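Notes for the one structure printed next.
We name chains A, B, ... by the order of the sequence lines, and we start the count at 1 in each one. Note that this is a predicted model, so its numbers are computed, not measured.
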2 protein chains.
Amino acid sequence: MISSIAELISDRIGTMPASERRAAQTLIANYPLIGLKTVAEFSAAAGVSSPTILRFVARLGFQNYPEFQSALQDELAAQLQSPATRTLNPASSGGGAVSPMLEATLDNMRETFRHLSDRQLADIAATLAHRRGKTFLIGGRFTDPLARYMAAHLAIVQPDVYHLAGQEGIWRDRLIDMGKRDVLVIFDIRRYQDSLVRFAETAHQRGVHIVLFTDQWLSPIARFARHVIAGRTAVPSAWDSSAALFVVAETLIGAVTRQLETDGAKRIRELESLR
Amino acid sequence: MISSIAELISDRIGTMPASERRAAQTLIANYPLIGLKTVAEFSAAAGVSSPTILRFVARLGFQNYPEFQSALQDELAAQLQSPATRTLNPASSGGGAVSPMLEATLDNMRETFRHLSDRQLADIAATLAHRRGKTFLIGGRFTDPLARYMAAHLAIVQPDVYHLAGQEGIWRDRLIDMGKRDVLVIFDIRRYQDSLVRFAETAHQRGVHIVLFTDQWLSPIARFARHVIAGRTAVPSAWDSSAALFVVAETLIGAVTRQLETDGAKRIRELESLR
DNA sequence: CAAAATACGTAACATACGATACAGCGCTCC
DNA sequence: GGAGCGCTGTATCGTATGTTACGTATTTTG
């Protein structure tokens, strides 16, 4: 069973003529990056001619050079997507059904934050803290609880925070209250919900500032969003994981609270006394 | 000091117009592979036009697209050469306001799972999967979204799963439906809510099997619970973090789903056809 | 040792790719 | 409300790229 192109090559390198073998060896030596460059560069690196490279990839079973490159890219993508598989040391993972799930979740969080700069988070926090209008939050089938969670916290440190719940018709009608000064926080991961996309589009047309929490494949709502947070969701389970997005949400809640420290503290004391 | 293109992007993403920002976000989301594909593919993935992609790379300081791709490839090459550097990175993110929060959260999860054996989790999953009656879920002020999240998933793989929402009176009345064969999942972290404690006590008296998600200081409900999950909640923020509990919840959801695999799959297919 | 077959590179070709000019649109600022 | 500016997509263009045909060199075989 051959799963990678590198294996395929070492499998057939014996049957190749001299020049093609040199091509194969240079590819293995700087795998797989040389293969992603142009035929001319590849051939120069290997010290052979361009047609030799093309004959080489043809012998591997690819119809043409681009097809070969796509295969390499797919392989790379799979490798980069799950850092777990690379560092996976079966010894440490006690063999229980739990650990892989936890490991994947931790990886997802690291990856999510690796693609998310402090600057971006600060920007979003500032948007949420210093918006001049209202804040609305909404989520999809599985992510709506995240919207609720965030709303529950934000509503304590600032006024005019609303979670949009219930039937579609109900929150669609709230669009009439939304304008340029307002912020709409949307949670939407696969499978993306049409109703949410439509909602986001309309809100966008009304000039609402949209902050989107989505997965790495980006909900179509990304087109309308001013800020996009792409969290990793893949775990060894039947379901996608929203844990990474949850942590980002908590981070933002913390950041907003900090930015509103002075006003927020006063507000919290007021709330306490209301009990 | 900017060492990677990803950093360069997050540094300048603030100064970019909307469409270029979309390009930036899609690149970050599938970093860096999208950038190695053709302009046409990149633009399609981002939902913008080709010139926008070119303007985007120009803004990053590259003379042309190939030069941009070469830079990405060089970066990838460096990364692939030394796998250490990519896992080593969390410290390098500059000590911004983010890292401590993330670090603390990751620690919380590790600690939480360290005190939680596979056996315990399997037991709880079995309880939830093979209960003979109904499952009820409820949470406190900030944790109710977690109850909702879990309910949303469990309700798909098995029947008779109910989230108790709304006013106290409403769910108090549901006690009349609860008995020995039923399971009640409660989320309760500081500050523990009296109403929940009373509710749990009554349910316990009726013989309901209680599964409690709480923090490391244990809600008073622990006295009535058959299973207790104690998650770490401390983070450098004004709020406690429910992230660890969230991950445990997801883990349980996954485990229950696996245990119900055969029946659950049938049920999921049925649900799909209902749409 | 000769003849054939295979391997390999040079050079011409066609295509698909990146680049550019331009026009429409929305937004902001008087 | 109007003028100006900046952003974005469409259409076009030139070119770099992959591809192919062909001739020479090299090896193989009878």
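No side-chain donor-acceptor contact under 3.5 Å links R226(A) to the backbone of H209(A). A donor-acceptor pair under 3.5 Å links the side-chain atoms of R21(B) to the main chain of M16(B), judged by distance alone.
OP1 or OP2 of dC8(C) sits under 4.0 Å from a side-chain N or O of S19(A).
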With B for base contact, S for sugar-phosphate-only contact and - for none (protein heavy atoms under 4.0 Å), nucleotides 23-30 of chain C reads --------
Determine, for nucleotides 15-24 of chain D in 5'-to-3' order, which nucleotides have protein heavy atoms under 4.0 Å from the base (write B), from only the sugar-phosphate (write S), or from neither (write -).
-> --SSBB----
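In this structure, F56(B) places its CZ atom 16 Å from C1' of dG18(C), rounding to the nearest Å. Regarding R22(B), its CZ atom lies at a distance of 14 Å from the P atom of dC7(D), rounded to whole Å. Distance CZ (F68(B)) to C1' (dG18(C)): 14 Å, rounded to an integer number of Å. What separates CZ of F42(B) from C1' of dC17(C) is a distance of 16 Å, to the nearest Å. Here the P atom of nucleotide dC17(C) and the CD1 atom of I53(B) are 15 Å apart, to the nearest Å. The CZ atom of R59(B) sits 10 Å away from the C1' atom of dG6(D) (whole-angstrom rounding). Atom-to-atom, CD of E67(B) to P of dG18(C) comes out at 15 Å; the value is rounded to the nearest Å.
Evaluation of the side-chain hydrogen bond (donor to acceptor under 3.5 Å, both in side chains) rule for S43(A) yields no partner, not counting sequence neighbours. Residues that satisfy the side-chain hydrogen bond (donor to acceptor under 3.5 Å, both in side chains) test with S241(A), not counting sequence neighbours, are E250(B).
Atom CG of L218(A) and atom CG of D188(A) lie 11.0 Å apart (nearest 0.5 Å). Note that CG of L212(A) is 9.5 Å distant from CG of L196(A), once rounded to the nearest 0.5 Å.
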Atom pairs and distances, donor-acceptor, side-chain atoms in residues 60-67 of chain B, under 3.5 Å, two or more places apart:
{"unit_1": "N64(B)", "atom_1": "OD1", "unit_2": "E67(B)", "atom_2": "N", "d": "3.0"}
{"unit_1": "Y65(B)", "atom_1": "OH", "unit_2": "G35(B)", "atom_2": "O", "d": "3.4"}
{"unit_1": "Y65(B)", "atom_1": "OH", "unit_2": "K37(B)", "atom_2": "O", "d": "2.9"}
{"unit_1": "E67(B)", "atom_1": "OE2", "unit_2": "Q63(B)", "atom_2": "N", "d": "3.4"}

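When the local axes at the two ends of the helix from dC1(C)-dG30(D) to dC30(C)-dG1(D) are compared, using 5 base pairs at each end, they differ in direction by 30° after rounding to 10°.
Remark: the T233(A) side chain and the D215(A) side chain contain no N/O donor-acceptor pair separated by less than 3.5 Å. Using a 3.5 Å distance cut-off with no hydrogens or angles, the side chains of R232(A) and H115(A) do pair a donor with an acceptor.
Under the 30°/60° scheme for interplanar angles, the aromatic rings of F68(B) and F42(B) are found to lie parallel.
Of the options F142(A), F213(A), Y192(A), a ring-ring contact (aromatic ring centres under 6.0 Å, His included) to F187(A) is made by F213(A) and by none of the others.
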